[in-house]
Structure formats: structure tokens, C-alpha cells
Amino acid sequence: MSQITLIKNAEVFAPRSLGRCDVLVAGGSVAQIDQHLTLPENIGQVVDADGAWLMPGLVDSLVHISGGGGEAGFGSRTPELDVREAISAGVTTVVGALGTDATTRTLNELFGKAKALEAQGITCFIQTGSYQVPVNTLTGSVRSDIMLVENMIGVGELAISDHRSSHPSRDELIRIAADARVAGLLSGKGGVVSIHVGDGAGRLQPLFDVVEHSEIPVTQFLPTHMNRNLSLLEHGVAFARAGGFIDFTTSTTEEILASGEMRASRALKLALERGASIDQLTFSSDAQGSLTNFCDQGELQDIEVGAISSLFEEFRRSVQEEGVELAGALQVVTSNPARVLGFKRKGQVACGRDADLILVDPVRFQITHTMARGRWQLFDRQLHGGRESG
């Protein structure tokens, strides 16, 4: 049954500021944004935001929803995503992907976990493939996966410039990107190839080579982990200034930071200072992934697990500690990833868009409410979601 909710007296960031407004939600979508809206008596629910910030639910473009392969042996395999962690972190849309391990972690598991998260109240898309080439698929080909599997939107995360990758050739990257692109065009999906970029000397050069030697546009790729070190960040800024998109990873550890990685919030500020457009930049959490710290000889030093809560935390740091303008920083975790990946109903507070919304206490800069597809999943800091919704 559709629900009607009127949220009054909110400072709306859509992500651009709309000022103090009321937002009417009906049938899982935003129906109206205006001032002084009312509901007939005994119809729907009225919530007084009392000046809280109302924002789009966060869009996380890289989550290892079914868990990742541990790179310190089988005993270090990471757990699958708990939907309650996403809800508490204000994340209403996630993209699930495999990583290093596509042998004991499979696309079948990924598909099943995505359906479970959908049943529990949030939106979940998935990628075909993994670090490896040839690309593992569900149906036998990249093109068929994207065209025939409803929630399959692209390829990822394919690894380059990393000792754990398959070191794909230029022609292999061209073929994969071409198949994803055509499948996306035919099915109305993004067809983007999500790229795991390691700390190898090649950096983004394999992608520049593809663009130079084919008709594949630079926007067909979304390279992530671009805050791994300053050299990679600067190469990423060149990629963004050429029209591409780059992604910064919000999950990290003190040990990884000590080895030269930057917080995503700091990388965002530096990228903007070096001339990248805010419209070309995104954050993702890499939640449930293995946060590995390798020495120069490629030996594993330590390993931890990525957290989806880091997405909102780095958004907050961007504003409070790095001085990035609020609406711009909000783009990086909402409308930008939605636009890059082709999610036409996500990432904005606008009439006709999905009612994926969060309320944020502007004093504490904390999430108090999360709404996904028109239903409260977190209300006044109390979890309501996380169970199958009928």
C-alpha cells in the first residue's frame, strides 16, 4: 500500500539549496516541493523537520555486498553487508560488486544478496565481472548480463595497475568497454566499467590508451581508489579535466593513511584546487572490502574491513574540515554517482524522483531519519527497517 508523508519545515538540499520547504511524498516518490503544504485531516503522516537538513539518500557506487575474499587466507574473508548499517549511514542505493575473489565469491551470491537488500527496503544494483579478465558473467557474456539481468548495470570492479589484476591488454579493455556500452545503450542503463586502480606505475594510462586508440568515450569508465597517493590523484585530475569521472574511496585505516593514502575528503579538496570540476568527482565506501596494506615488496602487512558509514563521515569531513561547500560535497555522494551510473530516479530531491531521503541534524551533523522508496527505515535515530517489507 502506498504511503503519504508530508515533511514540513526542512532546509532542503536537492543537492543545491532550495531553502526552507515542505516535501510531499506519495507512492514512493517525491510528489511536491513547496511552502505551506498541508494534508487533509486523517490522511497520511506529517513530520515536522524543524529546520533539519533534508537531503537525497546517499548513492554508494562500490560495496562488496556479499562479502569479499580475505587476502590473508580463507580465515580473513569479509562478511556480507548488513542492511541496517546502510540505513543508519543514510545510504539508500548501493551497487554491489565482486573484487579479488571471483572463485569462492560468485555472481550468483551477489545477485541473491542484492535481492535480499531490495526486500529489506533499499535499492541495490550489481556489476558483472570482477578484478579478472576474461570477465566472469552470469549468462555467458557481458552484453547479455547487462541487457537481460534487470539489476545488472555494468562491469566491475575490473583491476588495472595492480599486482592482483589480470593485467588486461588495451584490446581487452576496449572490447569489454564496447560490450558494456552497447548493452547500456540497448537496455537504457549506464553500461559503465568500474575500474579498481592499484598503486602500480601505470596508474590510469591503460584507460587513456583506450580512449586514444578507440571510439570509447572517457565517460565509459569510473576509476576508483584515486586517493591512494598524490601521484595517482594528479593523474586522476588529468582524467577528470579530459571529461572523465574519478572516484575516491572513503574507507581507510590509520596504517593505510600513514603509507601515503589521503582521506577522501582531503583528496576532494586537492582535486578541486588542481582544477577538477565538482561535477566529475564521486565518493564510494568500498564497504565490506578488504582494506589491505602491502609493503613495497608486495607482502601483506595488515587487513581490515571497509565500512559503509565512512561515506557520510567523509562527506561531513569535506564540509567541516576541508571547507568544501555543502551542496557541492553533497553532489559527490548523491547526484554525481547517480548521473555517472545512469540512475535517473536517484540522487536528487525532485518531483518524480524516488523518495530516498535523509534528515540531518545541522548542529551535530548527524543523520536522524532515513527514508527509502517512500518508507521510513530510520526514524528519530531508531531503526524501523532491515526486515523484509511487503
Side-chain angles (χ1 to χ4, degrees), residues 58-107 109-110 112-114 116-117 120 122 124 126-127 130-131 156-157 159 162-165 194 196-199 224-228 247-265 267 282-295 298-317 333 337 367 383 386:
L58 308 192
V59 178
D60 196 336
S61 61
L62 178 57
V63 181
H64 298 283
I65 58 173
S66 57
E71 294 175 27
F74 290 117
S76 62
R77 283 158 55 97
T78 64
E80 65 181 32
L81 177 68
D82 186 330
V83 70
R84 294 169 296 183
E85 295 178 3
I87 292 166
S88 297
V91 178
T92 54
T93 301
V94 299
V95 179
L98 299 179
T100 316
D101 184 3
T103 302
T104 68
R105 300 293 194 182
T106 69
L107 288 173
E109 289 180 306
L110 192 73
K113 179 61 178 179
L117 292 171
Q120 292 166 334
I122 67 173
C124 187
I126 56 175
Q127 307 272 27
S130 61
Y131 275 25
E157 60 177 317
D162 193 293
H163 63 95
R164 296 162 292 180
S165 83
S194 175
H196 164 103
V197 186
D199 57 6
T224 189
H225 312 315
M226 301 305 298
N227 49 321
R228 195 180 291 279
D247 183 75
F248 302 128
T249 302
T250 57
S251 291
T252 190
T253 68
E254 292 301 326
E255 291 76 16
I256 294 174
L257 291 171
S259 72
E261 182 171 291
M262 291 167 281
R263 289 192 181 278
S265 51
T282 68
F283 284 178
S284 64
S285 72
D286 202 16
Q288 311 313 120
S290 299
L291 301 182
T292 52
N293 185 22
F294 290 92
C295 70
E299 295 180 1
L300 184 65
Q301 302 297 294
D302 54 71
I303 183 169
E304 294 188 30
V305 181
I308 201 167
S309 59
S310 65
L311 194 66
F312 183 83
E313 176 62 16
E314 285 302 300
F315 159 59
R316 182 197 64 77
R317 284 180 186 269
V333 291
I367 297 168
L383 279 164

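Keep in mind that the numbers below use all heavy atoms, side chains included, and drop hydrogens, waters and symmetry copies. This chain uses plain numbering: 1 for the first residue, then up along the sequence.
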Sub-3.5 Å donor-acceptor pair from the side chain of K113 to the main-chain atoms of L81, do we have one? yes
With no hydrogens and no angle check, is any side-chain donor or acceptor of S88 less than 3.5 Å from a backbone partner on E85? no
Starting at CD of E254, measure out to OG of S259 and round the result to the nearest 0.5 Å. 11.0 Å
Checking S284 against D60: is there a side-chain donor and acceptor pair closer than 3.5 Å? no
Taking the side chain as C-beta and beyond, is there a heavy-atom pair between L98 and S66 under 4.5 Å? yes
Mind running salt bridge (Lys or Arg N to Asp or Glu O under 4.0 Å) on R77 and E109 for me, showing each step along the way? CA-CA 14 Å; R77 283 158 55 97; E109 289 180 306; 5.3 Å; no
Going by atom types only, do E261 and T252 share a side-chain donor-acceptor pair under 3.5 Å? yes
No-hydrogen, no-angle side-chain donor-acceptor test under 3.5 Å, E314 and S265: yes
Would you say R263 and L257 make side-chain contact, with heavy atoms under 4.5 Å? yes
Check ion pair R317-E313 (N to O, under 4.0 angstrom): yes
Residue among T282, T249, V197 satisfying side chain to side chain contact (heavy atoms under 4.5 Å, CB included) with T224: T249
Shortest non-hydrogen separation from F74 to T104 and the atoms involved: CE2-CG2, 4.2 Å
What pair of heavy atoms forms the shortest contact from F315 to F283, and how long is it? N-CE1, 4.1 Å
Does any part of the side chain of L62, heavy atoms only, come nearer than 4.5 Å to the side chain of E157, both counted from C-beta? yes
Side chain to side chain donor-acceptor pair (under 3.5 Å), paired with H64, selected from T78, T100, D286: D286
Quick check: closest heavy atoms across I65 and C124, and the distance to 0.1 Å? CD1-SG, 3.7 Å
Note: A89 and I308 closest approach over all heavy atoms is CB-O, 4.0 Å
Does any non-hydrogen side-chain atom of V333 lie less than 4.5 Å from one of F312? no
Does V95 reach the side chain of I126, with side-chain heavy atoms less than 4.5 Å apart? no
Nearest heavy-atom pair of A97 and G156: which atoms, and what distance? CB-O, 4.1 Å
Is the ring pair H225/H196 parallel, tilted or perpendicular, if the boundaries are 30 and 60 degrees? perpendicular
Q288 and V305: CA distance, side-chain angles, deciding distance, side-chain contact (heavy atoms from CB on, under 4.5 Å) verdict: CA-CA 5 Å; Q288 311 313 120; V305 181; 4.2 Å; yes
With a 3.5 Å cut-off and no angle check, do the side chains of S285 and T250 form a donor-acceptor pair? no
Within the 4.5 Å heavy-atom criterion, are I122 and V83 side-chain neighbours or not? yes
Worked verdict on E255 versus E304 for side-chain contact (heavy atoms from CB on, under 4.5 Å): CA-CA 10 Å; E255 291 76 16; E304 294 188 30; 3.8 Å; yes
Minimum heavy-atom separation for Y131 and R164, please, with both atom names. CD2-O, 4.0 Å
